[in-house]
Amino acid sequence: MPRFWLLKCEPDVYSIRDLERDGRTGWDSVRNYQVRNFMRDEMQAGDLGVFYHSNADPSGAAGVLRIVRPALPDPTQFDPKSEYHDPKSTREAPTWLMCEVEFVERFPEVVPLERLRVEPALAGMLILRKGNRLSVTPLEETEFEAIRALGAGRGKPASAKSSVESAGKSAGKSPVKSSAAPVPAGARRKSR
DNA sequence: GCCAACGTTGGC
DNA sequence: GCCAACGTTGGC
């Protein structure tokens with residue numbers, strides 16, 4: 001059973017269109033212990049994630065990605081020239097991890113935060129909680145499916161009661177562009 | 001650009 | 001191990 005995640009990134013830094021173009025990328029530069037532990041302990045290959053654009057116009061859910069490999073050493077920590085260099089980290093025991101992700105789909109339009117907020121199925125979602133700053137958060141399957149439905153334009157109006165039932169299984173037939181592109185080496189800010 | 005909320009740091 | 005100061009995030 002796959003798990004579900006929400007991954008935030010500023011689209012000025014790396015957007016869903018960049019991922020669509022690249023096919024795969026290393027979700028690097030995360031410098032938060034809680035997020036690192038998610039990647040180390042809970043994330044699994046095959047998990048699905050919502051790609052969320054933060055600090056954007058509009059901010060919101062932009063598409064879907066899949067976790068290819070969950071807990072790789074983040075190379076930026078070893079790069080003295082990187083903004084994310086961590087001199088205390090060693091290759092034997094890397095402090096920081098990243099995951100490799102692949103493109104699954106881009107929503108025709110970003111589902112704005114404003115829309116997510118009024119969706120009953122998303123009432124408990126971590127990212128909507130005030131003050132939450134984690135760049136990677138777990139999602140319930142119902143939350144993931146609700147966001148995916150909104151992204152596909154299949155969301156019920158915000159006023160509708162119970163929008164969960166309609167969010168059926170749609171996994172498994174994703175238009176994955178199976179690019180064999182390696183993980184880009186460039187140090188990119190995937191938020192912390 | 002403001003500012004609330006949070007994580008991290010460092011003095012003690 | 002407490003906690004104030006500081007830096008950062010991210011919506012608005």
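None of the values given here were measured: they were computed from a predicted structure. Computation of the quantities below employed the complete heavy-atom set of this structure, encompassing side-chain atoms and omitting hydrogens, waters and symmetry-equivalent molecules. Every chain is numbered from 1, with letters handed out A, B, ... down the list of sequences.
For CD of A:E109, the number of neighbouring non-hydrogen atoms (other residues, nucleotides, ligands) closer than 6.0 Å is 12 at most.
If you take CD of A:E10 and P of C:dT8, they are 13 Å apart, rounded to a whole angstrom. In this structure, A:L113 atom CG and C:dC12 atom C1' are separated by 10 Å, rounded to whole Å. Between A:E114 atom CD and C:dG10 atom C1' there is a gap of 16 Å when expressed in whole angstrom units. Atom CG of A:D57 is separated from atom C1' of C:dC12 by 11 Å (rounded to the nearest Å). Between the OH atom of A:Y84 and the C1' atom of B:dT8 there is a distance of 16 Å, rounded to whole Å.
Remark: A:S59 engages A:Y52, A:A56 in a side chain to side chain contact (heavy atoms under 4.5 Å, CB included) (not counting sequence neighbours).
To the nearest 0.5 angstrom, A:T95 atom OG1 is 7.5 Å from A:K88 atom NZ.
Electrostatic pairing of A:E105 and A:R148 counts as a salt bridge here, judged by a charged N lying under 4.0 Å from a carboxylate O.
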Inset, instruction - Let me have a per-nucleotide readout for nucleotides 1-7 of chain B, 5' to 3', with B, S or -, counting only protein heavy atoms under 4.0 Å. - result: ---SBBS
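No cation-pi contact links A:R24 to A:F103, judged by a cut-off of 6.0 Å to the six-membered ring centre and 45° from its axis.
For the pair A:D79 (side chain) and A:T76 (backbone), a donor-acceptor distance under 3.5 Å is absent.
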